[in-house]
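Taking it in order: structure first as structure tokens, then the write-up.
FYI, side chains are in, hydrogens and waters are out, and symmetry mates aren't considered; it's all heavy atoms of this structure. Order of listing sets the numbers, starting from 1, for every ligand and every atom in it.
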Amino acid sequence: MNNWILREDGFDVKKNLAYEGLFTQGSGYLHLRGSLEEHLSETPQNQTYMRNAGNVTVEVFKKLKAKWGAFIPGIYGKHPVFVSQLINLPWFAGISIEADGESLDMEKCSILNYSRILNLKNGELTRTFEWKTAKGVTLKISFTRFISSSRKKLCCQKVNISADKSCSLKISGGIDADVRTSGHDHFASVALDLKSANSVHCIVKSDIGDTVNILTQFSGVDAKWNYIAGEKNGELVSNFSLTPGKELCIEKRTALTTSRDLEKEDEAAILNSAVALSYSALLNESAQEWEKRWNCSDVQIDGDDNGQIALRASIYHLLRCHVPGDKRVTIDAKGYAGDAYFGHFFWDTEMYLLPFYLYTDPERAKTFTDFRIHALPAAMKYAEKMGYRGARFPWESDSNGDECCARGNWQYGDHEIHITGDVAYGIAHYAAALGNDGYLKKEAATLLVESARYWLDRIDWREGDNYPSILGVMGPDEYTPISNNNSYTNRMAALNLSLAAKFGKEGGATEKECAEFDRAAKLLPIPRISKTLVSQCEDFEKLADPQFDKLWKNRKKAFAAQVSQERLYRTRCSKQADVLMLMVLFPNEFTKDELQAAWDYYVPYCTHDSSLSPGAHALTALKLGLLDEAWKFWEATGGLDLDIDHGGAEQGIHIANCGSTWMVAVNGFGGLKSAMDTDTLTLNPVLPEKWKRLSFSLVWKGTKVKVDITKDAVSITNIDNNTILVEVFGKLQEIGPKSHQRFLQ
Ligand code: BGC
């Protein structure tokens with residue numbers, strides 16, 4: 001088994017959407033779902049419809065056979081219900097083939113030996129198959145494509161065709177701007193024309209005024225292309241005669257630019273600068289970029305091929321999604337691979353994505369924390385709009401930092417205020433992982449103060465209580481809305497307040513204010529059911545029993561989809577880790593007995609209806625030494641997008657879950673403590689039975705190390721130029737520059 005390859009064998013139309021999502025390619029700047037070049041017939045991409053504005057977890061999506069997706073982070077359109085959403089751009093990857101008048105269609109034609117592979121190492125997608133036409137000709141076809149990692153606005157495609165008998169071919173392709181995002185048309189205008197004998201140009205203007213320019217060009221073959229103009233699409237068509245023994249190879253290259261680009265380039269210049277380079281030269285160049293990134297982020301598992309491929313698939317998507325050098329965006333919940341979550345940014349950024357970048361490529365992590373600083377003015381306006389001082393971050397953010405929670409989904413947007421504390425946590429994590437308090441004192445100081453001001457104003461002092469309360473919130477568990485003193489939210493708010501108390505003066509807070517921040521931070525309660533059992537919120541135990549045995553008939557489907565919302569909200573069921581998430585993030589503050597008590601109490605109530613849940617459970621199980629449980633949750637985490645039979649990545653990549661997969665491997669089995677919890681690089685690994693070896697690279701406070709864990713030893717190699725202090729299995733040891741140390745169990 002090649003552990004760098006994701007593979008589809010045989011075409012099954014029912015699985016098409018899931019593979020489209022899983023095979024998404026991208027450069028950070030540009031992302032393309034793995035849709036078939038020639039498309040499927042009777043699968044229009046211009047259907048206008050309104051998606052259900054309710055709960056995405058239980059939404060039944062319009063069932064299409066294929067869903068094109070081309071996204072550039074930051075290109076949003078406005079929507080009457082979803083406020084703003086990432087626009088699905090014109091489809092530019094189409095290449096249709098007709099042989100002797102028969103159109104290639106994976107569903108309708110006689111297709112043999114079909115396979116498609118995504119090479120995770122270099123991001124190339126290759127589809128090969130044989131097509132037996134009605135006229136008795138067998139054509140061998142291979143489509144390959146990649147989005148260049150070195151020329152991030154460039155997509156390269158190639159099709160190779162050969163036949164056992166002579167036949168006539170008609171090849172066509174261009175740009176189709178008649179596409180929708182969640183059923184909505186975001187293009188205020190579409191202009192298409194023939195740019196040269198072999199290229200089509202398209203300019204779309206979004207409904208908020210951004211422009212996207214797309215130039216696509218056929219090359220690699222001598223041909224006369226005819227231009228066929230549609231209302232919102234433009235195609236080049238050419239005829240070829242294919243004879244046995246001769247292979248036809250056609251390339252299609254596309255460059256995209258937008259009015260939002262930080263680096264202004266011209267799409268024609270992008271194509272021109274690559275014109276002298278072959279497909280394979282461009283692929284090599286891009287592969288070198290991938291290699292650099294894999295070198296600092298690969299995690300190797302020996303002894304578990306499935307685990308290895310799942311983990312690499314997660315890392316591939318994390319690498320693909322990050323937009324380098326652009327602090328105006330982070331990564332949306334579907335990893336720029338589908339429009340299900342409208343291209344919005346959630347707490348997923350800080351809690352599930354940031355750690356991977358922090359410990360493998362901290363410079364990239366900085367764009368996430370800088371994004372929140374950049375979005376501070378919007379967060380201040382939002383606080384004001386809601387009637388508070390300071391800064392309140394949106395639950396669902398777009399690139400402007402505005403609240404984009406769908407109108408009507410008030411319970412999330414209004415009440416899931418832990419996001420503001422999560423933002424502060426992310427910033428503190430960045431500073432801790434880099435050993436850079438300067439970030440808290442300078443760039444982030446105002447954010448810490450303004451968000452702390454919000455908390456002070458949001459707090460209620462109830463009559464008779466000698467402590468402050470945060471009332472009417474939804475914690476991470478979205479099935480318990482409008483609860484009081486949610487432990488997770490309170491702890492995050494307290495962290496935010498204490499950071500502001502410490503660094504607030506630099507951010508413009510008075511001494512008196514800092515004292516108030518400090519007092520509130522110290523007094524915010526963590527409610528308890530008993531001495532050892534932390535309560536998710538006040539009165540959690542008084543909620544009704546969820547009666548899972550009676551009501552949750554199909555365990556493969558979300559519980560929320562099988563009961564009414566009012567039942568969901570009045571019962572003691574949780575969507576995802578809440579108290580356990582708190583304990584994962586603040587491990588030094590809870591005893592093992594408390595962790596065990598929380599596990600025993602909350603796990604039976606948890607539905608894991610969110611993909612953010614299994615990872616947190618795996619991490620907790622490992623802390624408790626529950627290896628079988630940890631393994632079960634690890635498999636659920638890593639396998640999610642690969643689980644084609646259950647829909648996998650149909651609606652996009654569960655990118656937070658990709659981050660979880662990395663965390664379970666590195667923080668969980670690898671036992672790496674977070675920089676939030678220790679200054680010393682600390683590892684207490686526990687390998688699952690199957691794993692013979694686990695190796696990964698890390699950056700710890702600026703020092704690069706390689707970690708290699710086997711069943712009986714841990715080796716750490718300091719590949720940097722300074723000495724680093726490490727702690728493994730409780731033993732402290734300094735490791736000098738370019739040297740290594742082995743620790744026995
Ligand atoms: C989860 C949230 C998450 C969001 C986006 C929801 O289903 O409950 O915690 O932030 O999805 O991933």
Side-chain angles (χ1 to χ4, degrees), residues 21 51-61 82 85-86 314 317-318 321 330-354 368 372 393-398 403-406 409 411-423 425-426 473-481 483 486 488-489 492 536 557-561 565 568-569 573-582 584-585 602 605-617 636-637 640-641 647 649-661 663:
R51 271 178 61 188
N52 167 11
N55 183 343
V56 175
T57 311
V58 299
E59 183 173 347
V60 179
F61 286 90
F82 311 132
Q85 60 174 344
L86 186 76
S314 294
H317 284 295
L318 289 165
C321 280
T330 77
I331 295 178
D332 81 297
K334 289 294 174 194
Y336 299 120
D339 43 36
Y341 268 108
F342 320 106
H344 296 166
F345 314 129
F346 296 71
W347 71 315
D348 308 28
T349 301
E350 279 72 19
M351 296 307 161
Y352 290 86
L353 301 172
L354 190 64
F368 292 177
R372 297 298 191 180
F393 283 88
W395 172 240
E396 294 188 28
S397 175
D398 62 7
E403 178 61 87
C404 296
C405 192
N409 276 349
Q411 67 272 48
Y412 310 99
D414 286 4
H415 298 274
E416 220 164 331
I417 59 172
H418 63 84
I419 179 68
T420 296
D422 300 330
V423 166
Y425 182 98
V473 305
M474 179 185 265
D477 162 23
E478 295 185 336
Y479 293 169
T480 310
S483 61
N486 167 262
Y488 177 96
T489 307
M492 278 301 164
Q536 186 173 305
K557 291 218 164 110
F559 177 58
Q565 179 161 292
L568 200 67
Y569 283 2
C573 63
S574 56
K575 181 175 177 187
Q576 62 207 88
D578 193 306
V579 170
L580 294 185
M581 190 65 185
L582 164 73
V584 164
L585 295 172
Y602 291 103
Y605 294 129
C606 188
T607 60
H608 306 290
D609 281 357
S610 161
S611 65
L612 275 57
S613 196
H617 281 79
T637 309
L640 195 69
D641 287 323
E650 274 186 359
Q651 305 303 332
I653 291 293
H654 297 85
I655 198 71
N657 181 71
C658 295
S660 287
T661 306
M663 282 193 274

Q. Where is the nearest protein heavy atom to atom 3 (C) of ligand 1: which residue, which atom, and how far?
A. Asp348 OD1, 3.5 Å

Q: May I ask whether Trp395 has any heavy atom positioned less than 4.0 angstrom from an atom of ligand 1?
A: yes

Q.
I'd like to check Ile331 versus Phe368 (side-chain heavy atoms, cut-off strictly below 4.5 Å). Are they in contact?
A. yes

Q) So do the side chains of Met492 and Met351 get within less than 4.5 Å of each other, counting heavy atoms only? A) yes

Q. In ligand 1, which numbered atoms sit nearer than 4.0 Å to a non-hydrogen atom of Leu612?
A. 3 (C), 9 (O), 10 (O), 12 (O)

Q: May I ask you to list the atoms of ligand 1 that are less than 4.0 angstrom from any heavy atom of Glu478?
A: 1 (C), 2 (C), 6 (C), 8 (O)

Q: Below 4.0 angstrom from a heavy atom of Thr57, which ligand 1 atoms are there? Numbered from 1 as shown, please.
A: 7 (O)

Q) Which of the atoms of ligand 1 are close to Ser610, meaning less than 4.0 Å from one of its heavy atoms? A) 1 (C), 8 (O)

Q: Determine whether Cys658 and Asp641 make a side-chain contact, defined as any pair of heavy atoms from C-beta on separated by less than 4.5 Å.
A: yes

**Q.** Per-residue contact class, Lys575 against ligand 1 - non-hydrogen pairs under 4.0 Å
**A.** side chain

Q. Side chains of Asp477 and Thr480: donor-acceptor distance under 3.5 Å anywhere?
A. yes

**Q.** Ring centre gap for Tyr341 and Phe346 strictly below 6.0 Å
**A.** yes

Q. Can you list the atoms of ligand 1 that are under 4.0 Å from a heavy atom of Ala333?
A. 5 (C), 12 (O)

Q) Between the side chains of Thr637 and Ser660, does any donor sit under 3.5 Å from an acceptor? A) no

Q: Would you check whether Gln576 has a nitrogen or oxygen atom less than 3.5 angstrom from a nitrogen or oxygen atom of ligand 1?
A: yes

Q) What protein heavy atom is closest to atom 11 (O) of ligand 1, reported as residue, atom name and distance in Å? A) Tyr341 OH, 3.1 Å

Q) Mind checking what makes salt bridge (charged side-chain N to carboxylate O under 4.0 Å, His left out) contact with Lys334, not counting sequence neighbours? A) none

